[in-house]
Each structure stands twice: as C-alpha cells, then as structure tokens.
Protein chains: 2
Amino acid sequence: MKRLTGKDVARAAGVSVSAVSRAFTAENRLNKATRDHILKVASELGYRPNALARSLIKQESDLVAVVFGNTDGMYDKDFFNRLSTALQKRGKWALQIRSEEEENIAETLGKALMYPVSAAIVRAGTVDLQVIENSKKMHVPLIYTGLGPTVKGADCVWLNYKRGGLLGTRHLIKRGCKKIAYIGGIEGITADTGRREGYLEALGEAGLQPHGISQTRFDFESGLQAALNLLQSDNPPDAFYCVSDAAALGVLNAAKSILNLRVPEDVAVVGSDNMPMAAWPCFDLTAATNPIDEIVQNLMNTLEARLADPDQKEMSVVVEPELVIRGSA
Amino acid sequence: MKRLTGKDVARAAGVSVSAVSRAFTAENRLNKATRDHILKVASELGYRPNALARSLIKQESDLVAVVFGNTDGMYDKDFFNRLSTALQKRGKWALQIRSEEEENIAETLGKALMYPVSAAIVRAGTVDLQVIENSKKMHVPLIYTGLGPTVKGADCVWLNYKRGGLLGTRHLIKRGCKKIAYIGGIEGITADTGRREGYLEALGEAGLQPHGISQTRFDFESGLQAALNLLQSDNPPDAFYCVSDAAALGVLNAAKSILNLRVPEDVAVVGSDNMPMAAWPCFDLTAATNPIDEIVQNLMNTLEARLADPDQKEMSVVVEPELVIRGSA
DNA sequence: ACCTCTATTGCAATCGATTGCCAAAACTCA
DNA sequence: TGAGTTTTGGCAATCGATTGCAATAGAGGT
C-alpha cells in the first residue's frame with residue numbers, strides 16, 4: 001500500500017530515477033524517444049511526481065493556506081468558494097483552515113504553517129498580532145482580508161465598510177425615514193465598526209438621532225429576533241440599516257412574514273453585501289455591495305505581486321462599495 | 001526569505017538536528033532540561049517542523065483531498081464547509097479541489113494526487129471510472145459521496161434519493177394534488193435520477209400521470225423559470241416536487257412573488273435537502289431531508305475505518321431522507 | 001577500583017524528487 | 001579517420017525531518 005515512486009517507474013522503464021525526473025520537468029535534457037517511453041510507462045502505472053518531495057528541493061510550493069475565522073455566514077461560504085476557485089485557476093491549491101473561535105486563529109494558522117505554504121490568506125474580522133508575528137517568523141507572506149485598513153505588517157485587501165453604512169443610511173434618509181435603526185454584528189469586528197460609523201455619520205449629517213442599535217451575530221436569526229424586538233416596542237423604527245444581507249433578510253422576514261408590515265411603506269430595509277439572494281423577487285433588497293469578485297481579484301493581484309517580490313513594502317487595497325437600489329428601500 | 005529549518009534551531013540551541021526532531025516528536029529519548037531548552041528556542045524563533053519533510057519519512061500525511069464536481073449550489077457550499085470542519089476536528093486538513101466541469105474531475109484529481117494525501121473524498125453527481133482507476137493506481141483510498149449506490153471500486157456514502165422523491169410526492173398526493181410537476185436537475189446526475197424515480201413511482205401508486213417534467217440546473221433561477229413556464233401554460237400544475245431546495249425556492253418565488261398565487265392553496269411545493277433556509281418564515285418549505293451532519297459523520301467513520309484497514313472490502317453507507325412538513329405543502 | 005547498565009545525544013542513512021557534473025555516445029566537419 | 005562539439009543519461013549531493021545504531025557519560029553495585 002505504498003505510494004508509487006519515481007524509482008518504480010525507473011525500474012519499469014529501464015532507466016534511472018534522474019531520467020524519470022527529467023521526463024516530468026520541462027528540461028530539454030532527454031531524447032524525445034526516451035521521454036515518450038518514460039511518460040508512457042508512467043501513465044500506465046499511474047505515476048505522478050510527489051509534489052512535496054519536489055517542494056523540498058525547489059524551495060517553493062503551490063499551496064496557499066486559506067484561513068477563515070468564522071465561516072458560518074452565507075457570505076463567507078460564497079467568498080471562500082470563489083477564492084479557492086481563483087487560486088486553482090492560477091495553479092495554486094487552497095489548504096483550508098478554519099477556526100471556530102475568532103481568537104484561535106493564531107493557533108490554527110500555526111498548525112497549518114507546518115505545511116510549506118507559499119502564502120497565507122486570512123479572512124477575519126479582527127487583527128491578531130500573533131498571527132502576523134507567526135507568519136513573519138516562518139517567512140510566509142500574509143494577506144489579510146475582511147478588515148479595516150489598519151493592518152501593520154501584512155498586506156491587506158479591505159472593503160470601505162464605512163462608505164457602505166454611509167450610502168445605505170443616506171438613502172434611507174433621502175426616502176424620508178426618520179427613525180432609523182442599526183442592526184449590527186459582533187462588536188469589535190471591523191465590518192460592524194465601520195458600517196456603524198457610516199450609519200452614525202449619515203444620521204449626524206441630517207441631524208437625526210440613532211433609533212435603536214442592536215449588536216447581533218451577523219446572521220439571519222439574529223436579524224429576525226432584533227427586528228421583532230424593535231418593531232414590537234412602543235416606538236418602532238421606520239427603517240433598518242443592517243450590517244449584513246443575512247441580518248437584513250431576517251429583518252424582512254420579521255416585518256413581512258411575521259408582523260405583516262408593508263416594505264418599504266411601513267418599514268424600509270437596507271442590507272450590506274448584496275449577495276445574489278438579495279435580488280430574489282421575494283426579498284428585492286436594497287443593499288450596499290461587498291463585491292466578491294473584485295475583492296478576490298485584488299487578492300490575487302496582491303498575492304502575485306508579493307510572491308514576485310517578497311521584500312517590497314506592505315500593500316493595501318481598498319474596495320469601494322456601491323448602493324444597489326431595489327424595492328425594499 | 002528561506003523557511004526556518006530544524007538546523008537553524010539546532011544551531012541556536014547548540015544541539016544536533018536529531019535532538020530538535022526528538023524534542024518535537026513524542027519520543028522519551030531526550031533529557032527534560034534539553035527538550036525544554038530546545039522548545040523554548042524553537043518557539044522564540046517561531047519554528048515548526050515541516051510537515052511535508054516529515055510525511056516523506058513517515059509515509060503518511062494528514063492531508064485529505066476534497067474534490068467537488070460542482071460547487072455552485074448552496075447545498076454543496078454548506079456541505080463542504082461542514083466536511084472540512086469535521087476533518088479538521090480529526091486532525092486532517094482539507095486540500096480543496098474544484099472542477100468547474102463534472103467531466104474534468106479525473107484530470108483535476110490527478111493533479112491534486114501529486115500531493116501525498118492520505119485519502120480523497122469526492123462529491124460528484126456522476127461516477128467517473130477514470131477517477132477510481134487513478135486513485136487505485138496511486139494507492140490513495142477514495143470515498144465517493146453524493147451518488148447512488150452503484151460505485152464499484154470505491155467506498156461510498158450516499159443518500160437514498162429515491163425515497164426523498166417518494167415521500168415528497170406521496171405527501172402531495174395525500175393532500176389531494178392531482179397535477180404534480182417535477183422540477184428536475186441535470187440529467188444523469190444521480191440526485192436527479194433517483195428523485196425522479198421516486199416521483200414516478202409515487203404517481204404510479206396513485207394511478208396519476210406526470211404533469212410536466214422540467215430538467216434544469218438544480219438552482220434557483222432554473223426553478224423559477226421552469227415554474228413560470230408551467231404555471232402560465234394552459235393547464236398549470238397544482239403542485240411541484242423539486243429536485244433541490246434551491247429550485248423549490250425559485251418555484252415559490254415564481255408562484256407567490258411574481259404570479260401572486262397562494263401557497264399551498266393554489267399550488268403546493270415540496271423541496272429536497274431541507275437547508276436551514278427552508279425553515280425561514282417567508283418560505284416555510286416542506287422538504288425531504290438531505291442531512292449534512294449525518295452524511296459527514298458517516299464519511300468520517302468510513303474514512304477512519306478505511307485508513308485503519310486499507311485492505312478491507314468496499315464499504316457503502318446509505319442515509320435515509322425523511323420528510324419535514326411545513327406550510328408550503 | 002572496576003565492571004555493568006542505563007540515560008542521553010550525535011552520526012549517518014533514509015524518504016522522493018531535482019540537478020550539477022561527468023562520461024559515454026553520437027554527430028559534425030575537414 | 002580523427003579532433004572537436006553536442007546530446008544524452010547516470011551518479012551523487014541535496015532539500016528537511018526522522019530514526020536505528022553507536023558512542024559517551026554517569027550511576028550503581030561489588
């Protein structure tokens with residue numbers, strides 16, 4: 001039950017291990033007939049060179065560690081999906097690493113760094129200096145994403161969360177909403193901090209006061225519950241700006257399906273992310289974008305630039321959200 | 001920019017490379033004081049043994065290739081997520097491999113088999129003998145999932161798709177529906193074949209004829225479009241059995257949000273998978289289950305059994321769907 | 001003081017592949 | 001035919017870690 005090796009192929013083809021290796025590397029150091037023969041024998045046996053043994057000698061590998069702090073969210077699943085597809089298109093393989101707790105990322109990444117990855121992409125809501133420290137010591141380039149701009153010591157591709165909150169809330173104000181609630185996420189996560197900041201600034205511009213701020217877990221159930229609480233209070237809001245699409249869909253469910261309110265007449269709802277689901281007829285959700293393709297593309301560019309020149313100074317790319325206006329606000 | 005190695009630690013700690021290695025393996029072959037010193041120096045430098053170099057000599061690795069034929073579906077994303085979390089809990093790392101086209105799985109898996117994975121888990125809708133052949137030749141255990149029972153030469157964990165179609169359609173019949181349409185997926189994919197078989201069998205039991213069979217792409221848009229076509233025809237169906245939850249949600253959108261029909265009074269809808277979304281108030285979808293946790297658990301059991309004894313005969317586990325009845329039918 | 005036994009550590013071979021170097025073979029051209 | 005050049009392919013060192021074996025030191029017994 002041993003793995004097939006180059007030695008087996010060499011024996012079968014009647015050549016040396018070096019010849020087998022040369023048949024598989026692009027080197028022009030082999031007679032065409034010999035190479036063809038070796039490749040034929042190898043393919044019959046089903047042999048492929050061991051990428052790890054290769055990475056030992058070549059001092060490089062095609063593995064990229066992809067670390068997620070919390071993947072429960074629908075957005076993150078989608079994001080991860082596109083990210084690893086993009087990596088694979090560029091000849092890289094995603095070594096997937098999850099951390100149930102946002103705090104354990106350092107430890108989890110540490111274990112994964114035992115594999116000779118050429119880089120690590122970390123998607124998390126908070127910066128962990130230990131993570132940066134670890135990867136620095138291992139000489140593994142680190143790219144953060146899903147964070148605000150303040151990552152010192154690592155490359156970063158981030159969304160201008162504040163602008164999302166700003167655009168979404170301004171839109172609600174322009175519609176004439178006066179009692180605008182904020183459905184937030186976990187405190188300390190930059191997606192929440194930034195969007196709330198934008199929300200508050202937009203209210204300030206219009207001289208309005210925040211009308212209910214709920215901190216939740218970014219997800220559907222949280223959004224639904226928070227909206228139920230607020231809408232059934234003595235002084236219900238007339239609009240919601242939500243930290244995620246998932247939460248916004250929860251709010252829509254609370255308002256339309258449970259409380260039989262009209263959207264946007266009784267209550268207007270704006271989400272953040274603009275996932276494909278936001279466009280479904282039953283939701284028709286107005287949302288600030290969090291464009292996966294653009295972010296992934298920037299991640300790929302950053303990765304390639306970093307691998308090409310490991311010593312260049314830190315790179316930081318900002319992606320700007322837009323507001324997609326649909327029927328919910 | 002070289003990776004930190006055991007030699008660096010050895011030099012810094014004033015010991016041999018062997019001693020460093022012994023400090024990191026559980027061996028009791030080192031003086032406690034020496035070991036502590038080495039570990040301290042290693043941790044200061046941020047050193048971790050190279051898992052690949054280790055796997056060379058140990059002839060085993062903690063990598064598991066996870067291959068997906070088509071990951072666009074919402075269900076698959078969720079599935080993958082849980083699968084890799086489960087693997088990680090057992091000390092395995094998921095090396096993620098995607099194949100845009102179902103036909104290219106063999107080729108894609110082949111490339112990934114260059115890494116010394118201890119096993120490959122393949123989730124696909126069709127069996128590819130080449131895939132089985134390849135992994136056999138490389139001596140890599142292969143576990144198929146998402147397929148009907150007829151996989152020769154590989155272990156398999158599958159859902160009894162037919163039973164899902166049977167339960168769902170019987171339920172619609174019991175409700176009094178007479179004109180039941182089938183919203184199917186891509187032909188040849190066992191999830192479609194099996195569920196349609198169950199649908200037809202249930203109709204046969206009741207002496208009913210199929211009322212419209214649409215083959216689509218398993219997804220929301222397909223379901224919506226197919227339902228629009230059928231519902232706007234001269235002789236619209238009074239119920240839908242759908243090959244996936246995503247398609248069922250498309251049908252619900254067409255019926256409720258676009259055509260303003262009442263569900264289940266005008267048209268009843270049953271889905272397959274029972275994703276968390278099916279329970280959202282706005283959908284309240286009756287669905288046959290496709291229990292991710294149970295399937296993943298069985299995959300883990302199969303994997304462990306196979307790794308424990310590579311020579312035992314093929315294993316095949318069947319997971320039985322149930323029907324979760326909600327408001328849509 | 002001498003011998004035995006054990007604990008601790010280093011040396012060197014090994015895993016599978018790559019590659020610099022060298023030698024044999026083949027080819028060129030006068 | 002022979003000198004010079006090129007092509008071809010094997011030998012052996014190498015990557016980073018592990019491990020069998022051997023060497024050394026120290027403990028304990030008589």
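This is a predicted model, so every value here is computed, not measured.
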*Asks:* Below 4.5 Å, heavy atoms only, C-beta onward: do B:Val67 and B:Ile105 meet side chain to side chain?
*Replies:*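 SC-SC contact between B:Val67 and B:Ile105 confirmed.
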*Asks:* Output the single nucleotide from D:dT18, D:dA22, D:dC11 whose closest atom is nearest the side chain of A:Arg22.
*Replies:*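 Of the options given, the side chain of A:Arg22 lies nearest D:dC11.
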*Asks:* Applying ring pair (Phe, Tyr, Trp, His ring centres under 6.0 Å), run through B:Tyr75 and B:Phe218 and close with a yes or a no.
*Replies:* CA-CA 10 Å; B:Tyr75 180 85; B:Phe218 288 104; over 10 Å; no
*Asks:* Show, in sequence, the C-alpha distance, side-chain angles and deciding distance for B:Arg123 and B:Thr145, and conclude whether the side chain to side chain contact (heavy atoms under 4.5 Å, CB included) test is met.
*Replies:* CA-CA 5 Å; B:Arg123 177 166 173 85; B:Thr145 184; 3.8 Å; yes
*Asks:* Is B:Ser21 near enough to D:dT18 that one of its side-chain N or O atoms lies under 4.0 angstrom from OP1 or OP2?
*Replies:*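 Checking B:Ser21 against D:dT18: at least one side-chain N or O falls below 4.0 Å of OP1 or OP2.
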*Asks:* When you measure from the side chain of A:Val15, which nucleotide among C:dT9, D:dG10, D:dA17 comes out closest?
*Replies:*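 Side chain of A:Val15 sits closest to D:dG10.
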*Asks:* Assign each of B:Thr5 and B:Ala19 to its nearest nucleotide of DNA chain D by heavy atoms, then name whichever residue's nucleotide is nearer the 5' end.
*Replies:*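 Residue closer to the 5' terminus by nearest nucleotide: B:Thr5.
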*Asks:* Go through B:Lys32 and B:Asp36 one step at a time and tell me if the salt bridge (Lys or Arg N to Asp or Glu O under 4.0 Å) criterion holds.
*Replies:* CA-CA 6 Å; B:Lys32 182 157 184 339; B:Asp36 290 347; 2.8 Å; yes
*Asks:* Rounded to whole angstrom units, what separation is found between the CZ atom of A:Arg35 and the C1' atom of D:dT8?
*Replies:*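 It is 12 Å, rounded to the nearest whole Å.
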*Asks:* Is the NZ or CZ atom of B:Arg54 both under 6.0 Å from the centre of the six-membered ring of B:Phe24 and within 45° of that ring's axis?
*Replies:*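 Output no; distance or angle outside limits.
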*Asks:* How close or far is atom P of D:dG26 from atom CG of B:Asn31, stated in whole angstroms?
*Replies:*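 Result: 12 Å.
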*Asks:* Return whichever of A:Ser18 or B:Ser16 has its heavy-atom-nearest nucleotide of DNA chain C closer to the 5' end.
*Replies:*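 Mapping each residue to its closest nucleotide by heavy atoms, the 5'-most match is B:Ser16.
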*Asks:* Within the distance-only criterion (no hydrogens, no angle test), does the side chain of B:Gln88 pair as donor or acceptor with the backbone N or O of A:Arg98 below 3.5 angstrom?
*Replies:*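 Judged by distance alone, yes, a pair lies under 3.5 Å.
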*Asks:* In whole Å, I'd like the distance from the NE2 atom of A:His139 to the C1' atom of D:dG16.
*Replies:*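 After rounding, the reported distance stands at 16 Å.
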*Asks:* Hey, what bend do you get for the helix from C:dA1-D:dT30 to C:dA30-D:dT1 if you fit axes on five pairs at each end, rounded to 10°?
*Replies:*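 End axes: 40° apart.
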*Asks:* What is the distance, to the nearest angstrom, from the CD atom on A:Glu60 to the C1' atom on D:dG16?
*Replies:*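 That distance rounds to 16 Å.
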*Asks:* Using a cut-off of strictly less than 4.0 Å between a heavy atom of the residue and any atom of DNA chain D, enumerate the qualifying residues of residues 39-58 of chain B by number.
*Replies:*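 Of all residues in residues 39-58 of chain B, the ones placing a heavy atom under 4.0 Å from DNA chain D are B:Tyr47, B:Arg48, B:Pro49, B:Asn50, B:Ala53, B:Arg54, B:Leu56, B:Ile57, B:Lys58.
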*Asks:* Would you mind reading off the distance between B:Leu113 atom CG and C:dG16 atom C1', rounded to a whole angstrom?
*Replies:*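 Rounding to the nearest Å, CG of B:Leu113 and C1' of C:dG16 are 16 Å apart.
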*Asks:* Would you say CZ of A:Arg306 has more than 12 non-hydrogen atoms from neighbouring residues, nucleotides or ligands within 6.0 angstrom?
*Replies:*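 Enclosed: over 12 neighbouring heavy atoms sit under 6.0 Å from CZ of A:Arg306.
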*Asks:* Evaluate the ring planes of B:Trp93 and A:Tyr115, with Trp represented by its six-membered ring, and classify them as parallel (under 30°), tilted (30 to 60°) or perpendicular (over 60°).
*Replies:*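 Answer is perpendicular, since the angle exceeds 60°.
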*Asks:* Hey, are B:Glu294 and B:Asn298 close enough side-chain-wise for a donor-acceptor pair under 3.5 Å?
*Replies:*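 The answer is no; no qualifying pair exists.
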*Asks:* Can you measure A:Lys7 atom NZ to D:dC11 atom C1' for me and round it to whole angstrom units?
*Replies:*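 Taking NZ of A:Lys7 and C1' of D:dC11, I get 14 Å after rounding.
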*Asks:* State whether A:Gln59 places a side-chain N or O below 4.0 Å from either non-bridging phosphate oxygen (OP1 or OP2) of D:dG16.
*Replies:*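 True: A:Gln59 side-chain N/O within range (under 4.0 Å) of D:dG16 OP1/OP2.
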*Asks:* Please report, rounded to the nearest Å, how far the C1' atom of C:dA17 is from the CG atom of A:Asp8.
*Replies:*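 Spelled out: CG on A:Asp8 to C1' on C:dA17 is 13 Å.
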*Asks:* Once you apply a heavy-atom cut-off of 4.0 Å, does A:Val20 come out as touching a base, just sugar-phosphate, or nothing?
*Replies:*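 Nothing: the residue A:Val20, judged by heavy atoms under 4.0 Å, touches no strand.
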*Asks:* With a 4.0 Å limit, can you tell me whether B:Thr34 has a side-chain N or O closer than that to the phosphate oxygens OP1/OP2 of C:dT9?
*Replies:*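 The answer is yes; a side-chain N or O of B:Thr34 sits under 4.0 Å from OP1 or OP2.
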*Asks:* Using whole Å, what does the distance between atom C1' of nucleotide C:dG16 and atom CZ of A:Arg3 come to?
*Replies:*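 Value for this atom pair: 9 Å.
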*Asks:* Counting only N and O atoms by type, is there a donor-acceptor contact under 3.5 Å from the side chain of B:Ser135 to the main-chain atoms of B:Val131?
*Replies:*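 Pair found, side chain donor or acceptor close to backbone of B:Val131.
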